[in-house]
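Contents: one structure, followed by commentary.
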Amino acid sequence: MKVLVIGAGNMGLTYTSSIAKSGYLKKEDLIIFDKSLELRETLKKSTENYEVYDTLEDCLPIADIIFLAVKPYHNDELMQEMRAMMNDQQLVISIMAGVTIETIQNGLGIKKVVRAMPNLPAQVGKGMTSYLAAPEISRIELWMVEDLLNTTGKSVRVDSQMFIDASTGISGSGPAYVFYFMESMMEAAKSMGFSDNDSKVLVSATFEGAIELFNKNKLSPDSWMKRVSSKGGTTQAALDSLIDNNVQQLIHDAAYAAFNRAVELGKESTELQEK
């Protein structure tokens, strides 16, 4: 089995590196292509010794599984170039936000398509990927897909593309929300007199510890908040401020903004293909 990754950006290289390190494939069976000559030359000189190809004509026809790891606005042009070189036994895994399975099937003239939504922590093996497979994909092929996705962390199979768009608003874009909250806490710490480094340590250790507690117990976040806080205490003062400022609703609205944008991208991609 040969796996081709098209697109050597952050996520494309993350999957290439993770699959390589997992030992799931032989070195020569994991190949990569990017349109950028400069990037291809850099990859060829990399200590990772990637199998880098200069043209799609040389690598696409020999691939069994193809990762599409390009920006959504490149998909129409790329699929037009790929279509004549595809065959109906090839399986495509797309991590392009908002691009539907049907758009990829119609664009490439094939049926075996998986739409996946990973997130940035995949770079450190802590990723969360939701995915949906077209019905033409066999059970054995699904196992292979899940094994490949799980080289970057965890994965969950969902029932419809609506859940792919929804997971974009939760796990896909979610790390940015966490970083936003962390940055706010760090700025508060610095305004209280802590150094940059101490602010970073205080906040990162707090997040790490809270997540560890949550993952190792069955208590809900609300139950943990009640354990930390006491009536008239410091934590309750902070929680009251968050409640008074409607922060929960703001986070809810932010997640839905990402979800709705993912839906819009899908519609834009479909409309572009139909023109």
Side-chain angles (χ1 to χ4, degrees), residues 1-34 39-40 42-44 46-53 59-60 62-72 75 78 89-97 99 101 104 110 112-134 136-159 161 163-164 167-168 170-176 178-179 208 211-212 215:
M1 181 178 70
K2 287 189 179 294
V3 174
L4 166 64
V5 178
I6 299 179
N10 284 334
M11 291 310 303
L13 284 182
T14 292
Y15 275 103
T16 305
S17 176
S18 297
I19 294 169
K21 290 176 182 176
S22 73
Y24 188 76
L25 297 174
K26 295 178 181 177
K27 175 182 174 295
E28 60 269 21
D29 291 332
L30 177 61
I31 54 185
I32 190 166
F33 170 79
D34 193 279
L39 189 50
R40 292 199 306 270
T42 299
L43 289 172
K44 289 176 183 179
S46 167
T47 56
E48 300 289 344
N49 294 316
Y50 292 125
E51 293 288 317
V52 182
Y53 280 71
C59 60
L60 186 55
I62 65 173
D64 299 297
I65 295 179
I66 301 148
F67 273 87
L68 288 182
V70 301
K71 297 296 184 183
N75 85 86
L78 175 63
Q89 292 306 303
Q90 290 174 307
L91 189 157
V92 170
I93 301 173
S94 167
I95 61 173
M96 297 185 293
V99 183
I101 286 177
I104 299 166
I110 61 168
K112 294 183 179 182
V113 176
V114 172
R115 183 180 169 196
M117 174 47 60
N119 66 5
L120 196 60
Q123 294 185 1
V124 291
K126 295 289 185 179
M128 182 67 242
T129 302
S130 59
Y131 72 97
L132 175 70
E136 291 80 5
I137 294 175
S138 70
R139 185 175 297 273
I140 291 176
E141 288 171 328
L142 274 177
W143 289 339
M144 290 190 295
V145 167
E146 188 165 301
D147 284 342
L148 290 170
L149 295 177
N150 285 347
T151 62
T152 63
K154 297 180 180 180
S155 65
V156 58
R157 185 182 174 193
V158 297
D159 296 329
Q161 294 193 82
F163 285 110
I164 296 292
S167 67
T168 301
I170 303 300
S171 58
S173 299
V178 175
F179 295 138
E208 184 178 0
I211 291 168
E212 189 78 7
N215 285 337

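Residue indices begin at 1 and follow the sequence shown.
Between M144 and L91, the closest side-chain pair of non-hydrogen atoms is not below 4.5 Å. Inter-residue side-chain proximity for Y53 and L4 is flagged as unmet; no heavy-atom pair is nearer than 4.5 Å. Side-chain contact check for I19 versus F67: some heavy-atom pair is nearer than 4.5 Å. Two residues are said to be in side-chain contact when any heavy atoms from C-beta on lie closer than 4.5 Å; R115 and V99 fail this criterion. Within the 4.5 Å cutoff, side-chain heavy atoms of I62 are placed close to those of I31. Side-chain contact between I104 and N75 is absent, with no heavy-atom pair separated by less than 4.5 Å. Within the 4.5 Å cutoff, side-chain heavy atoms of V156 are placed close to those of M128. Counting heavy atoms from C-beta outward, V3 and Y15 have side chains that stay 4.5 Å or more apart.
For K44, the salt bridge (Lys or Arg N to Asp or Glu O under 4.0 Å) test picks out E41, D54, with sequence neighbours left out. Contacts of F33 classified as ring pair (Phe, Tyr, Trp, His ring centres under 6.0 Å), with partners at least two apart in sequence or in another chain: none. Under the side-chain hydrogen bond (donor to acceptor under 3.5 Å, both in side chains) criterion, K27 pairs with E51, sequence neighbours left out. Remark: D29 pairs with K2 by the salt bridge (Lys or Arg N to Asp or Glu O under 4.0 Å) rule, at least two apart or across chains.
S173 contributes a side-chain N or O that, together with a main-chain N or O of T168, makes up a donor-acceptor pair within less than 3.5 Å. The backbone N or O of I101 lies less than 3.5 Å from a partner atom in the side chain of Q161, making a donor-acceptor pair. In this structure, the side chain of S18 engages the main chain of T14 through a donor-acceptor pair within 3.5 Å. The backbone N or O of A8 sits less than 3.5 Å from a side-chain atom of D34, completing a donor-acceptor pair. With E141 contributing its side chain and S138 its backbone, the two residues share a donor-acceptor pair below 3.5 Å. Distance alone, capped at 3.5 Å, is enough to place a donor-acceptor pair between the N150 side chain and the S155 backbone.
Shown here for M96 and K71, the closest heavy-atom pair between the two residues is SD-O, 4.3 Å. Contact between P118 and A116 at its shortest, heavy atoms only, is CD-O, 3.7 Å. Closest heavy-atom contact between A63 and Q90: O-NE2, 2.8 Å. Across I164 and L132, no two heavy atoms sit closer than the pair CD1-N, 3.8 Å. Across all non-hydrogen atoms, the minimal contact from N119 to G127 is OD1-CA, 3.4 Å. When all heavy atoms of P72 and A97 are compared, the closest pair comes out as CG-O, 3.3 Å.
Residue pairs meeting the salt bridge (Lys or Arg N to Asp or Glu O under 4.0 Å) criterion with at least one member in residues 142-156: none, sequence neighbours excluded. Within the structure, ring pair (Phe, Tyr, Trp, His ring centres under 6.0 Å) contacts touching residues 112-132 (residues at least two apart or in different chains) do not occur.
Within the model, atoms CD of Q89 and CD1 of I110 stand 10.5 Å from one another, a figure rounded to the nearest 0.5 Å. Note that CG of L25 and CG of L148 are 6.5 Å apart. Values are rounded to the nearest 0.5 Å. From I211, atom CD1 reaches atom NZ of K126 across 10.0 Å, with rounding to the nearest 0.5 Å.
By the 6.0 Å contact criterion, OH on Y24 is enclosed, its count of non-hydrogen atoms from other residues, nucleotides or ligands being greater than 12. For E28, the CD atom is densely surrounded, since the number of other residues' heavy atoms within 6.0 Å is greater than 12.
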*side chain to side chain donor-acceptor pair (under 3.5 Å) between T151 and S22, worked out*: CA-CA 6 Å; T151 62; S22 73; 5.4 Å; no
